[in-house]
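See structure below.
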Amino acid sequence: MLLDSVVAASADVAAVSGRLAKTDKIASVLREVPAEEIAVAVAFLSGDLTQRQIGVGYAALSDLLGPYDAEAGGRTAGIRQAATPALTLTQADAALGEIGARSGPGSQTERRRLLADLLGRATLAERDFLVRLLAGDLRQGALDGVVADAIARAAGVPAAAVRRAYQLSGSLAAAAATALGPAVGRDPAEAEQALLAVRLAVGRPVRPMLAASAPTVSAALERISPAAVEYKIDGIRVQVHRQDRQVRVFTRTLDDITERVPELAQAALSLSARHAVLDGEAVALYPDGRPRPFQVTSARAASQPGMPDRGERVPLTLFLFDLLHIDGLDLVDSPASERFARLAAIAPAGLVIPRVVTADAGEAEEFFATAVAHGHEGVVVKSVTGPYGAGRRGSEWIKVKPRHTLDLVVLAAEWGHGRRHGWLSNLHLGARDPATGGMVMLGKTFKGLTDALLAWQTERLLELADPPQPVATTTWRGVVPVRPELVVEVAFDGVQASTRYPGGVTLRFARVLRYRPDKGPTDADTIDAVRALWTPDGTPDSNLVNPEDARSAP
DNA sequence: AATATTTCCAG
DNA sequence: TTCGTGG
DNA sequence: CCACGAAATGGAAATATT
């Protein structure tokens, strides 16, 4: 099939707002795609490459096509373009694969040459689509969720069958190939049978179960009771597959990081089971059992074993909380209580997440307080009856974290994109510096803003713009500095070290709660107050705990 | 050795 | 993360 | 009430280029 057909379908999808209409349009084109090209078509239509990544990013695209030009609605700088569509899906996919296969010295130049070659064979519409695909910014209003429905529609099977195959195989393109690929005819009964035959495979990652959130433990217990209440560890999510003596470790996004975390594989070998698929969290701990800053865990999990590393290699500690498969038995559909009981039966106590099962809000709140006192992020409140509903942001799991807030000053704002076009969106946040009387920038946030708030802040910030903005001639792009007068209440998850900002610290996951018109810049929180919330690595605060305490529930 | 680019992580 | 929209 | 997609950050490591 021509790439152009998929590009045209994507444009149609972007042009309608309803999900059903989008599903319809994607299903229509999928019905026309030859069986052997289904995986490519589905990858492209859900905003992915079949190769995941190929070493082409924003810079390479800008070099080739010039910077994004808002007035023209795209990139205009010239490279050759095809007059008529000729590229097939297979050819485009193969060309992208060629680009990704390059490595070593000279590879960037070579990638750019190949990229120019590919884009030169594309029409304007195709080129625009490929650029958005490579930039990871399809913006057609449909990603894997909508495309999953479309696959079901095209194959004439229940959406649940596609979702299940997607969950268990970890790949939507694979699920689509199962339903519509060469191995099955275009017969709904056959397709459904093939989808239902997809099973969890040890060594192939499944999509991880996600959690909703609630402001307090009591609120979470109102939705789930009795519930298992578990420590929420501030590390990286890991899915561990053990097949005899072979172990593989996957991240939340299903990347294989086995080679980087040999100690986790080692830990998995201590389980009393030959085959197992487990879900858990890995974290770098201090000797006393408290968690190190997230940055330490993150850096540790990102570094290869053979690389010259600066500083010590802090080992990661594994906390397991779920079991999806044990010695030939799939547990994905079993109740959580059974999965955990089997986990506890095969895992040394030290590898299992601290938890309590309770229906008592007081007891749960107390456990939450203990988790936080031990330096952890909070707790996850889990149904004891639910299955492992992978990929669903359902309510079988609810996370609860303490909420920190600061009153900060808006120093500048940036014009928004997409549906925030024409609004001042991304806010530069500053804390008061009593030493200088000035403001210290701590980071930015665009989160937590309602449309009403966006409208209000755009008007108010333009009044405060310094120098004043000629609104009528504004390009709707760039940074608008403002007089530091507006105070905003911001929630955040923590304070972390920063090389980017002058204060040396920045906020993790800052989001706007509300404006504080009752406060002026002199009432804002100080940089000293922010720094006081930061625990640099190597100096765990004085609230020491016994290492055993961090591992075991009180 | 220092800098640029890409990718991946968290939510 | 949060929000708004669709269903 | 749930599912979905969009808003676009910031740190850090690996890999390439200078």
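A, B, ... follow the sequence lines: proteins, then strands. Residue 1 opens every chain.
Taking the side chain of A:Ala59 as heavy atoms from C-beta on, and the options B:dC8, B:dT6, D:dG11, the nearest nucleotide is B:dT6. With B:dT5, D:dT17, D:dA8 as the candidates, the nucleotide lying closest to the side chain of A:Phe446 is D:dA8. Each of B:dT5, B:dC9, C:dT2 was ranked by its minimum atom distance to the side chain of A:Gln108; first place goes to B:dT5. For A:Arg252, the side-chain atoms get nearest to B:dA10 when compared with the rest of D:dA16, B:dA10, D:dT17. Ranking C:dT2, D:dG11, D:dA13 by closeness to the A:Ala299 side chain, first place goes to D:dA13. Nearest nucleotide to the A:Ser425 side chain, out of D:dG11, B:dC9, D:dA7: D:dA7. The side chain of A:Tyr501 sits closest to D:dG10 out of D:dC4, C:dT2, D:dG10. Between D:dA14, D:dG11, B:dT6, one nucleotide has an atom nearer to the side chain of A:Ala60 than all others, and that is B:dT6.
In this pair, A:Tyr515 and A:Trp456 present their aromatic rings tilted. The plane angle is within the 30 to 60° band.
Listed by chain and residue number, nothing satisfies the ring pair (Phe, Tyr, Trp, His ring centres under 6.0 Å) test with A:Phe509 (two or more places apart in sequence, or in another chain). Annotation: side chain to side chain donor-acceptor pair (under 3.5 Å) contacts of A:Asp93 (sequence neighbours excluded): A:Thr50, A:Gln51. Considering only residues two or more places apart in sequence or on other chains, A:Asn426 meets the side chain to side chain donor-acceptor pair (under 3.5 Å) condition with none of them. Residues satisfying the ring pair (Phe, Tyr, Trp, His ring centres under 6.0 Å) criterion with A:Tyr166, sequence neighbours excluded, are absent altogether. The ring pair (Phe, Tyr, Trp, His ring centres under 6.0 Å) test applied to A:Phe368 returns no partner, not counting sequence neighbours. Considering only residues two or more places apart in sequence or on other chains, A:His241 meets the ring pair (Phe, Tyr, Trp, His ring centres under 6.0 Å) condition with A:Phe250.
Here, D:dA8 and B:dA10 have their P atoms 22 Å apart, quoted to the whole Å.
Across the interface with DNA chain D, nearest-nucleotide mapping of A:Glu110 and A:Thr506 shows A:Thr506 to be the residue nearer the 5′ end. Nearer the 5' end of DNA chain D, as judged by each residue's closest nucleotide, is the contact made by A:Val505, out of A:Val505 and A:Pro105.
Contact check, A:Asn426 against D:dA7: no side-chain N or O comes under 4.0 Å of OP1 or OP2.
Within the structure, salt bridge (Lys or Arg N to Asp or Glu O under 4.0 Å) pairs that include any residue of residues 501-510 of chain A comprise A:Asp234-A:Arg508 (at least two apart or interchain).
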> When Watson-Crick pairs (N1 to N3 and N6-O4 or O6-N4) and G-U wobble pairs (N1-O2 and O6-N3) count only below 3.5 Å on both distances, what is the dot-bracket string of DNA chain D, with | for other-strand pairs?
Replying inline: |||||||.||||||||||
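Relative to the ring axis of A:Phe321, A:Lys382 places its NZ or CZ within 45° and under 6.0 Å from the centre.
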Please write out the pairs of protein N or O atoms and N or O atoms of nucleotides 3-7 of chain C separated by less than 3.5 Å, giving the distance to one decimal.
from	atom 1	to	atom 2	distance (Å)
C:dG4	OP1	A:Asp451	N	3.3
C:dG6	OP1	A:Ser17	OG	3.2
C:dG6	O3'	A:Arg19	N	3.1
C:dG6	N2	A:Arg19	NH2	3.2
C:dG7	OP1	A:Arg19	N	3.0
C:dG7	OP1	A:Leu20	N	2.7

